[in-house]
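Let me begin by presenting the structure, written as structure tokens, before commenting on it.
For reference, positions follow the sequence shown, starting with 1. As the structure lists them, so they are numbered: ligands from 1, and atoms in each ligand from 1. These numbers were taken from a predicted model, which means no experiment stands behind them.
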Amino acid sequence: MNKIAVVALGGNALLRGDETGTIEQQEKHTLETCEKLIGLLRNGYNLVLTHGNGPQVGNILLRNEAGYNQFNIPKMPLDICVADSQGGIGYMIERQMRNAMSKTDIQRNVLAIITQVLIDINDPAFQNPTKPIGRFYSKEEADDLSARKGWIFKEDSAKRGWRRVVPSPKPVDIMNKQVIKEMVERGHIVIGVGGGGIPVYWHQDTKYLEAIEAVIDKDLASGLLASEIKADRFYIITDVPKVYINYKKENQKQLDKLTVTEAKKLYDEGQFPPGSMGPKILAAIQFVEKTGNEAVITNEEEIEKENCGTRIIPS
Ligand SMILES: NC(=O)OP(=O)(O)O
């Protein structure tokens, strides 16, 4: 039987930081990324693809605002915006994956699954929003929007500007994970937990499945899915070919390999900032601890190479 790889697409895989996010830009990068994923299929992996939605869901929220202000169209809550982003991005990846395969002898079904993810309604993350979404703002713009709309902003860890932040509870369980497992085991390429999944919880009293306005970290949700379906490898695709310590300092150093113990030590020392490399390292640690299999952090350029990126391995 083929091995299973879960590949979390983020960073440059879909959209570049200096771009406005037109559909042409996103489709171009997505096709380039999907062409690289052909290498994994050739190497004997069945694929589950997951993806981020930070820039896209921020733009959907701004369209919400503009529609309400100009045409009085009712605003949709954030869970619906996350579902919209899963539909749009999932469709785009599905189509570009089919385009990438059309130039090869490989033919697979590709299906995008709208995925809900259970969270804990008492998660302290609801008291401290940390997940950056949408575009960058100047300090003046951020202060103005904060005063007028009550939005919360935080400065980007790489000092590129200020971004709106929303609560980001931990993923607890993935709905339909068994269906995803069965589909990928049959060789279908499954796109799931887009944007970290739509956050939902079971109401204690009504036993009703409720939605909550938040954005789950896609690396943590992807890692959880990868563990639950017992993936053989978990790839986290980001903007850099390898993980660095002392990133962007004179003594920065690329890492080829990290044991879980080493990764935890460097994480505790603050080497990996929150909202950036931090959740990727955490997701990798959790996957490796639960499965004993390897996680790899790299960029879309490198993924088809067998020894690419930084490998996080059992201690
Ligand atoms: N939901 C999420 O983590 O998206 P990004 O990776 O785009 O921030």
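- Both tests do not hold together for R160 against F136: distance to the six-membered ring centre under 6.0 Å, angle to the ring axis within 45°.
- Contact between P132 and ligand 1 is absent, with no heavy atom of the residue lying under 4.0 Å from the ligand.
- Interface atoms of ligand 1 facing D217, defined by a heavy-atom separation under 4.0 Å, are 3 (O).
- Of the options K131, K218, R163, K280, the smallest heavy-atom separation from atom 8 (O) of ligand 1 is shown by K131.
- Remark: the backbone N or O of D156 is not paired with any side-chain donor or acceptor of K159 at under 3.5 angstrom.
- The side-chain contact (heavy atoms from CB on, under 4.5 Å) test with V193 is passed by exactly one of I198, I174, L220: I174.
- The atoms of ligand 1 that sit less than 4.0 Å from any heavy atom of I216 are 1 (N), 2 (C), 3 (O).
- In summary, the side chains of Q56 and N59 do not present any donor paired with an acceptor at a separation below 3.5 Å, with no hydrogens or angles considered.
- For the pairing with L47, the side-chain contact (heavy atoms from CB on, under 4.5 Å) check across V110, L37, I4 returns one residue only, L37.
- For ligand 1, the polar-atom distance check finds no N/O of P55 at less than 3.5 Å from any of the ligand's N/O atoms.
- Contact annotation: G195 has at least one heavy atom less than 4.0 Å from an atom of ligand 1.
- Contacts between I133 and ligand 1 below 4.0 angstrom, taking non-hydrogen atoms only, are absent altogether.
- Close contacts of ligand 1 with V215, meaning ligand atoms under 4.0 Å from a residue heavy atom, involve 1 (N).
- For the residue pair H29/E19, the side-chain donor-acceptor check at 3.5 Å is satisfied.
- A donor-acceptor pair shorter than 3.5 Å can be found between the side chains of N246 and Q271.
- Set against the non-hydrogen atoms of G52, the atoms of ligand 1 under 4.0 Å away are 4 (O), 5 (P), 6 (O), 7 (O).
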